[in-house]
Amino acid sequence: MDKEKLNSIRHSCAHLLAAAVMELWPDTKRTIGPAIGDGFYYDFDFGDQKISEEDFPKIEAKMAEILKTWAKFEKKEVSVEEAKQFYQDNPYKLELIDEFSKEGQKITFYKSGNYKQSLKPSQSSGFEDLCKGGHSENPQKDIGAFKLLSVAGAYWRGSEKNKMLTRIYGTCFPTQTELDEYLKLQEEAKKKDHRKLGKDLDLFVFSDVVGKGLPLLTEKGTTIRRELERMVVDEELKRGYLHVITPPLAKVDLYKISGHYPYYKDTMYPVMKVDDEELILRPMTCPHHFMLYKSKQRSYKELPIKYAEISPQFRYEKSGELTGLMRVRVFTLSDAHIFTRDTQAKQVIKDVLDLIDYFNKAFGLKKGKDYRYRLSLGERSDEKKYYKDDEAWEKAENILREVLVESKAPFFEAKNEAAFYGPKIDIQLKNVSGKEETAFTVQYDFVMPKRFDLKYIDEEGKEQQPVVIHRASIGALERTMAFLIEKYGGAFPVWLSPIQVMIVPISDQNLKYSQNVLEQLKDSNIRVQIDDKAETMQAKIRNAQLQKIPYMLIIGKREESENKVAVRTREGKDLGAIDLNEFIQKVKSEIESKSSL
RNA sequence: GCCGAAGUGGCUCAGUGGUAGAGCACGUUCUUGGUAAGAACGGGGUCACGGGUUCAAUUCCCGUCUUCGGCUCCA
């Protein structure tokens with residue numbers, strides 16, 4: 001079924017939900033109820049009434065009852081006055097009506113069913129709602145199966161300043177089979193949740209005493225993190241980046257000069273007073289790198305200068321925003337700031353996109369399928385949010401757009417998503433449940449160089465101002481780890497696996513030879529362990545399998561006498577007995593090439 | 001931060017107005033095995049924390065903390 005048809009069914013189902021709610025709680029004020037990616041929702045103002053998931057069976061039963069009377073939707077055009085009369089007690093609908101009429105839109109109602117509706121004050125028959133349309137022809141026939149999923153608070157019109165409404169989420173499908181299929185897929189996705197896998201595979205933990213949003217990486221999680229860091233540093237050094245280390249703490253003045261302070265005050269940790277200095281944990285690294293740049297006079301011959309850092313940063317995220325490793329309060333950015341002449345900027349940005357493509361490829365992510373580009377633009381009229389310089393914005397946005405077009409990157413444009421100092425290209429990654437998040441970013445900054453008075457000397461000996469490109473190659477390492485855990489479902493490619501090989505001696509008599517094998521693997525820098533517990537071989541294999549260790553080496557009398565190892569993969573394949581050196585070479589080359597199993 | 005839900009041994013969960021139970025994990029002993037769980041015995045919980053109701057609270061009520069689903073925000 002095409003998406004449009006499915007959406008129309010879901011939108012119809014949202015009406016059905018509203019109808020049921022109005023029947024059950026007649027004083028409720030309804031607002032809006034669109035179809036969304038996975039289903040639909042409807043926002044209500046229930047007044048003092050509390051609604052929870054315990055009410056779902058009751059609501060669903062009422063929906064089923066009402067649906068029997070819904071054979072079609074009738075469209076009716078009404079005057080503004082009529083509409084306002086109908087919704088006289090509902091400020092939300094009144095606001096919408098005013099808005100529509102101001103925009104010169106026609107006001108339409110859609111009605112379905114013929115039962116008596118307890119809708120004050122009209123007491124009309126059937127369920128009537130202000131709506132722009134987009135319904136199924138025959139809801140009775142089309143809504144084959146529906147289910148309410150969750151209840152949540154949501155601000156009216158998405159603004160924190162407005163009243164919080166009660167949102168009910170649901171989904172529906174033409175058939176029960178499709179609904180069951182959907183629910184099953186959701187369950188499957190849950191199994192890949194990085195928080196669950198992080199616990200199961202012992203990658204990271206949280207402690208109430210340490211604090212929320214502050215993950216503790218175990219030795220296994222740390223191994224993955226270290227491999228990622230090594231990969232980033234090695235590749236960036238190859239590409240001419242200069243890796244530096246700057247302090248995660250600095251005087252608050254630094255962020256006042258940069259202009260970050262007023263914008264990000266709410267998400268920065270409070271100032272610490274020490275002696276007569278005011279210090280702050282850094283929420284970003286940019287100004288630190290600027291000071292390095294400014295530490296000496298720069299010539300055009302040096303540009304572009306690419307300072308990179310594996311950089312811990314501190315942001316006070318609201319408690320409700322924290323999620324596993326995806327959103328934390330201390331994160332580590334694979335950060336860099338490139339100081340360039342504006343004429344070189346385009347090439348610099350292209351190089352950055354190429355680097356990001358390189359990493360994505362290493363992670364097995366496909367352009368267009370797993371990730372796409374978002375050109376995040378400013379909003380000229382919003383002078384509070386964005387630095388005012390229309391010409392510079394225009395120029396910067398065009399450069400970024402040209403880069404995307406010229407490199408034939410799949411991208412879309414989004415207004416009002418830029419940084420305050422310039423537009424950016426965000427690399428949007430899809431997670432297991434299909435949700436898109438910003439993973440990496442490239443930003444064009446024409447503001448900071450001014451604020452910090454950054455300069456270089458050109459061919460004619462004159463002072464010029466460079467442009468700064470901010471970029472994160474593999475983003476925040478915490479978030480990237482979360483993505484990768486979910487992408488691989490915990491079965492990491494060999495190079496990332498915390499334990500690459502598990503040695504399984506069949507009996508105690510094979511321990512000595514196993515120890516010998518262990519030493520040889522270790523000498524080759526392979527991460528290996530030996531399971532010397534007094535358990536059966538089957539139990540040891542099961543344990544290694546559950547830990548998703550890529551290779552198991554079964555060692556018994558036969559292997560010992562032939563100086564071999566019997567290799568089993570985590571997919572359950574028995575590769576048979578092979579020469580130990582041959583196995584070592586195989587694993588080493590897989591690690592070297594970062595190939596997936 | 002806001003709306004809703006949840007918190008019981010290391011993990012996954014059951015259960016109760018009369019101070020708790022399973023499986024896995026852990027420890028000891030026995031078993032020495034050929035590609036996903038060998039057996040017996042044992043240790044381990046202020047039932048998140050604080051207050052209230054009650055003769056009695058892990059259970060009921062209130063508050064706090066943490067986690068989860070959303071909203072807002074975001075790398």
Side-chain angles (χ1 to χ4, degrees), chain A residues 36 41 43-44 46 50-55 149-169 190 193 195-196 199-200 202 205-213 264 266-267 283-285 311 313 315-328 330-335 417 419 424 426-427 429 437-441 443 470-472 474-480 482 504-511 533-546 552-559 566-570 572-577:
Chain A
I36 51 171
Y41 69 76
D43 285 349
F44 301 97
F46 280 100
K50 293 237 185 267
I51 297 299
S52 79
E53 288 179 24
E54 282 174 31
D55 296 305
L149 298 173
S150 63
V151 52
Y155 300 106
W156 168 237
R157 317 216 80 176
S159 168
E160 226 173 339
K161 292 181 191 99
N162 290 339
K163 186 170 175 176
M164 181 163 271
L165 306 168
T166 303
R167 174 171 298 179
I168 298 177
Y169 282 96
K190 256 192 215 157
D193 188 309
R195 290 166 297 190
K196 177 174 163 38
K199 204 182 265 180
D200 291 351
D202 193 29
V205 294
F206 287 90
S207 151
D208 288 1
V209 182
V210 174
K212 57 184 155 192
Y264 294 111
D266 291 346
T267 55
M284 62 274 303
T285 311
S311 161
Q313 307 183 166
R315 294 189 193 171
Y316 173 77
E317 304 288 355
K318 291 190 207 163
S319 59
E321 289 158 1
L322 303 169
T323 327
L325 291 183
M326 277 291 179
R327 276 301 272 292
V328 293
V330 182
F331 66 99
T332 317
L333 203 61
S334 54
D335 211 354
E417 291 280 359
K424 50 183 185 158
D426 293 316
I427 285 78
L429 214 60
E437 297 242 26
T438 299
F440 323 129
T441 172
Q443 309 170 352
H470 305 237
R471 52 108 274 201
I474 65 163
L477 292 170
E478 289 76 8
R479 178 174 284 187
T480 303
V504 177
I506 292 180
S507 90
D508 286 0
Q509 284 139 40
N510 312 113
L511 270 179
K533 286 202 215 83
E535 281 177 305
T536 59
M537 175 205 63
Q538 286 88 340
K540 292 178 190 179
I541 288 175
R542 180 167 193 272
N543 281 336
Q545 196 88 42
L546 288 174
M552 287 150 248
L553 298 184
I554 318 295
I555 290 175
K557 270 189 217 134
R558 291 208 294 266
E559 288 71 26
V567 182
R568 181 194 158 103
T569 70
R570 66 183 156 202
K573 262 193 276 178
D574 185 352
L575 302 186

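Chain letters run A, B, ... following the sequence lines, proteins first and then strands; every chain starts at 1.
Helical stems in RNA chain B, defined as runs of 3 or more consecutive Watson-Crick or G-U wobble pairs with donor-acceptor distances under 3.5 Å: B:1-7 with B:65-71, B:10-13 with B:21-24, B:26-30 with B:38-42, B:48-52 with B:60-64.
For E437(A), the salt bridge (Lys or Arg N to Asp or Glu O under 4.0 Å) partners at least two apart in sequence or on another chain are R479(A). Among residues two or more places apart in sequence or in another chain, the salt bridge (Lys or Arg N to Asp or Glu O under 4.0 Å) test is passed with R327(A) by E317(A), E321(A). Scored by the side-chain hydrogen bond (donor to acceptor under 3.5 Å, both in side chains) test, R568(A) finds Q545(A) as partners (sequence neighbours excluded). In this structure E535(A) satisfies the salt bridge (Lys or Arg N to Asp or Glu O under 4.0 Å) test with no other residue, sequence neighbours excluded. The salt bridge (Lys or Arg N to Asp or Glu O under 4.0 Å) search around K199(A) returns none, not counting sequence neighbours. Not counting sequence neighbours, the partners of K190(A) by the side-chain contact (heavy atoms from CB on, under 4.5 Å) test are E187(A). Partners of V567(A) under the side-chain contact (heavy atoms from CB on, under 4.5 Å) rule, at least two apart in sequence or in another chain, are Y551(A), L553(A), V565(A), L575(A), I578(A), F583(A). R157(A) meets the side-chain contact (heavy atoms from CB on, under 4.5 Å) test with E95(A), L96(A), E99(A), N162(A); sequence neighbours excluded.
Here the separation of A14(B) from G42(B), taken at their P atoms, is 27 Å to the nearest Å.
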Between the protein and nucleotides 23-29 of chain B, are there any N/O to N/O pairs under 3.5 Å, and if so, what are the atom names and distances?
none

Shorter than 3.5 Å, N or O on both sides, protein versus nucleotides 3-7 of chain B: list them out with atom names.
residue, atom, partner, partner atom, Å
C3(B), O2, G153(A), N, 2.8
G4(B), OP1, K50(A), NZ, 2.9

Pick out the pairs of N or O atoms, protein on one side and nucleotides 73-75 of chain B on the other, that lie under 3.5 Å.
residue, atom, partner, partner atom, Å
C73(B), O2, E321(A), OE1, 3.1
C73(B), O2, E321(A), OE2, 3.0
C73(B), O2, R327(A), NH2, 2.6
C73(B), N3, R327(A), NH1, 3.2
C74(B), O2, R327(A), NH1, 2.8
C74(B), O2, R479(A), NH2, 3.4
A75(B), N6, E317(A), OE2, 2.5
A75(B), N6, V328(A), O, 3.1

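Toward the 5' end of RNA chain B, the nearer of the two residues K540(A) and Q545(A), judged by each one's closest nucleotide, is K540(A).
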